[in-house]
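Data block below; observations after.
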Amino acid sequence: MTPATDSTPPSPLLPARLLPRAPEWPRRLLLAALLLGVPVVAALAAGWAATLAEADLRDSAQAQLALYNANLRAELERHAAVPLALAQDAEVKALLANPTPANIDHLNRKLEDIAGALGALALYVMAPSGLTVAASNWDSAASFVGENFSYRPYFRMAIDQGEGHHFALGTTSLVPGYYTAHRVVAENRTLGAVVLKIGFDRLERAWAPGQEKLLVTDRDGVVFITNVPSWRYHALPRRLPISLPVPPEGTSEGLDVLPWAFGGASDRIALEEKGGGTRRYLLASVAMPDGDWTLHSLTSLDPVTARAQVAGLLAAALVALGALAAYAVALRRMALVERLALQEESRAELERRVAAATADLRAAENELTQAAKLAALGQMSAGIAHEINQPLAAMRSFADNAVVLLERGRPDAVRANLGEIAELTDRMAAITRQLKGFARRASGTLGPVSIHAAVGQALALLESKLRREDVTVETDLPDRPVWVVGEDVRLQQVLVNLIGNAADAMRGCPVRRLRIALVAAEGEALLSIADSGAGIAEADLPRLFVPFFTTKEAGEGLGLGLSISHGIVEDFGGSLTAANRNGTPGNGAVFTLRLKTTEQTA
Ligand code: ADP
């Protein structure tokens with residue numbers, strides 16, 4: 001037996017070509033995300049964080065600068081009141097009006113006490129000529145007493161305008177200081193001036209621990225207060241990248257210039273570090289209220305760099321994590337898709353096998369059908385031989401007679417004999433034609449089949465048997481032909497089986513009547529074949545259609561006829577059922593064929 005379909009060799013349920021392949025694209029995507037996405041996003045995040053952090057830093061630098069400014073002004077104002085107050089002092093006025101040694105000595109000590117309490121560098125009283133009359137440092141080697149400072153701008157300003165300020169290097173002490181002078185007036189007469197010189201070392205010390213580098217430049221752009229000692233008396237670079245609130249007047253020739261390098265944004269300054277390398281600072285400047293001085297601060301940009309780095313790292317980590325998560329999801333999805341594909345493939349494989357098995361079964365069934373047909377043919381051949389022998393013998397005697405009649409010169413009788421012979425050959429041809437049709441293999445395709453024709457052919461095939469068994473055949477078919485879905489040879493085979501069985505069942509019965517009736521309605525045709533035999537034993541009814549079930553003697557029946565007929569009718573989409581007439585054995589059996597009706601095709 002060879003399989004009818006499917007040439008695929010038997011394969012394991014998971015063929016090699018379907019084994020999971022390494023998922024290439026998610027790995028490539030991950031690599032791309034890590035190689036391209038991480039640096040790009042990190043750079044973007046770092047840039048963004050740097051911009052934000054720089055804005056923050058700029059704000060806080062401005063706020064800080066305002067604080068230092070207030071601090072510096074407070075320092076100056078705190079001292080500015082002292083010469084003003086002393087200018088009103090009666091003892092000072094008395095001294096200037098009458099500089100007796102006793103007066104001088106008294107005031108020297110008084111000034112010394114006040115300067116000591118203030119922490120000022122010097123406090124002294126000058127005559128309108130510029131001569132120093134009394135001074136807090138009267139007792140020291142660098143005493144101002146007797147010195148003439150009439151050329152000093154602060155003195156000139158005080159005498160002319162009432163108040164003068166100046167920052168300068170002391171000519172006697174060589175110590176830089178800030179001078180505040182106030183005119184002493186009595187009865188509209190200028191008696192002289194009181195001068196206070198203060199240093200900024202205390203302020204500078206107070207500034208020193210701060211984060212910022214601070215410096216104060218004068219109108220010429222020269223640094224005179226700073227918490228970076230090496231910058232003192234250095235000039236601002238001639239060309240600054242930012243415009244200062246008060247531009248320097250440019251009389252700082254010959255002075256060293258601050259070691260500032262400019263890079264990047266306009267307000268950034270790069271400074272050489274002691275240990276090598278550079279550090280970047282943000283420059284902020286604010287002018288003092290009188291416009292003479294400008295306070296600058298340099299705030300380190302390190303926190304900005306640090307924030308940018310942290311943001312960059314965070315963003316990189318986030319992108320990497322995101323990429324990994326996406327990779328994991330993609331892998332899961334791919335695994336799922338692959339699993340589904342494998343399931344689908346195993347299902348398809350299963351279906352293929354079922355189809356192959358079904359085809360094998362069908363082929364086996366066809367073989368069986370064919371075998372059964374041949375068996376039936378074998379059984380029939382005896383009857384057929386008898387059937388053919390009879391006409392042959394008749395034809396022989398007709399022919400012999402014809403010869404005699406011809407000799408006797410009776411051509412009419414000869415013609416009649418020949419006519420008989422022709423009829424007999426027609427009859428034999430009909431028998432052999434039927435047999436040929438029956439032995440032919442089923443084509444396998446279904447189409448419209450006429451029940452009338454099938455019944456007629458089956459009866460013709462079994463004619464001799466029915467005659468031999470002396471069976472009366474009654475047919476009750478509608479006038480109009482009824483077409484059903486089926487195949488002529490196989491339907492004919494079913495009918496031959498059923499009619500043959502009926503004839504067998506009635507053997508030896510007093511009444512041998514076969515009734516074939518057809519009713520067609522609502523898309524169905526019901527064809528019943530009833531006999532007047534002994535019927536079917538109750539116990540046999542359930543196994544009637546089981547292959548090889550037979551009650552006939554060995555050599556008479558194979559027990560295949562009904563099971564094959566049942567299969568054929570099911571193939572047609574119909575059914576075959578068996579019952580006893582009137583429901584009990586003894587009244588004969590009735591077999592009912594239920595078939596789908598169809599239109600006759602042209
Ligand atoms: P077989 O005719 O070779 O025995 P079948 O499959 O055609 O095989 O029939 C199986 C059995 O069914 C028969 O042996 C018989 O017992 C029973 N049978 C079939 N047709 C009839 C009938 N018309 N009346 C009573 N019994 C029947």
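Counting convention: from 1, in listed order, for ligands and their atoms alike.
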Exercise for review: May I ask you to check whether Lys552 has an N/O atom sitting below 3.5 Å from an N/O atom of ligand 1?
Suggested key: yes
Point to revise | From CD (Gln493) to CG (Leu498), nearest 0.5 Å | key: 10.5 Å
Review point. Counting from 1, what ligand 1 atoms have a heavy atom of Thr550 closer than 4.0 Å?
Key: 1 (P), 4 (O), 14 (O)
Practice item. Using distance alone, determine whether Ser563 and ligand 1 share an N or O pair under 3.5 Å. Key: no
Review point. Taking only heavy atoms of Ile536, which atoms of ligand 1 are found under 4.0 Å from at least one of them?
Key: 25 (C), 26 (N)
**Study point:** Which of the ligand 1 atoms, numbered from 1, are nearer than 4.0 Å to a heavy atom of Ala505
**Key:** 22 (C), 23 (N), 24 (N), 25 (C)
Review point. Do NZ/NE/NH1/NH2 and the carboxylate oxygens of Asp504 and Lys465 come within less than 4.0 Å?
Key: yes
Exercise for review: For Phe549, take its heavy atoms, then give the atoms of ligand 1 lying under 4.0 Å from any of them.
Suggested key: 10 (C), 11 (C)
Review point. Is the closest heavy atom of Phe545 to ligand 1 under 4.0 Å?
Key: no
Exercise for review: Using a strict 4.0 Å threshold on nitrogen-to-oxygen distance, state whether Asp540 and Arg543 make a salt bridge.
Suggested key: yes
**Study point:** Phe591 and Phe545 aromatic ring geometry - parallel, tilted or perpendicular at 30°/60° bounds
**Key:** perpendicular
Review point. Under 4.0 Å between a Lys/Arg side-chain N and an Asp/Glu carboxylate O for Glu367 and Arg362?
Key: no
Review point. When you look for heavy atoms under 4.0 Å from ligand 1, do you find them on the side chain of Asn497, its backbone, both, or neither?
Key: neither
Exercise for review: May I ask you to say whether Asp531 pairs ionically with Arg512, meaning some side-chain N is under 4.0 Å from a carboxylate O?
Suggested key: no
Exercise for review: State plainly whether the residues Glu524 and Lys596 are in salt-bridge range, i.e. N to O under 4.0 Å.
Suggested key: no
**Study point:** Per-atom contacts of ligand 1 with Gly535, taking only distances under 4.0 Å to non-hydrogen atoms
**Key:** 25 (C)
Point to revise | Sub-4.0 Å atoms of ligand 1 with respect to non-hydrogen atoms of Ala589 | key: 22 (C), 23 (N), 24 (N)
Check your understanding: Is it true that Gly533 lies under 4.0 Å from ligand 1, counting heavy atoms only?
Key -> no
Check your understanding: Below 4.0 angstrom, N of the basic side chain to O of the carboxylate: do Glu344 and Arg339 qualify?
Key -> no
Point to revise | Pairing residues for Ser565 by the side-chain hydrogen bond (donor to acceptor under 3.5 Å, both in side chains) criterion, not counting sequence neighbours | key: Asn497
Point to revise | Sub-4.0 Å heavy-atom contact, Leu544 with ligand 1 | key: yes
Review point. Based purely on interatomic distance, does Leu562 place a nitrogen or oxygen under 3.5 Å from a nitrogen or oxygen of ligand 1?
Key: yes
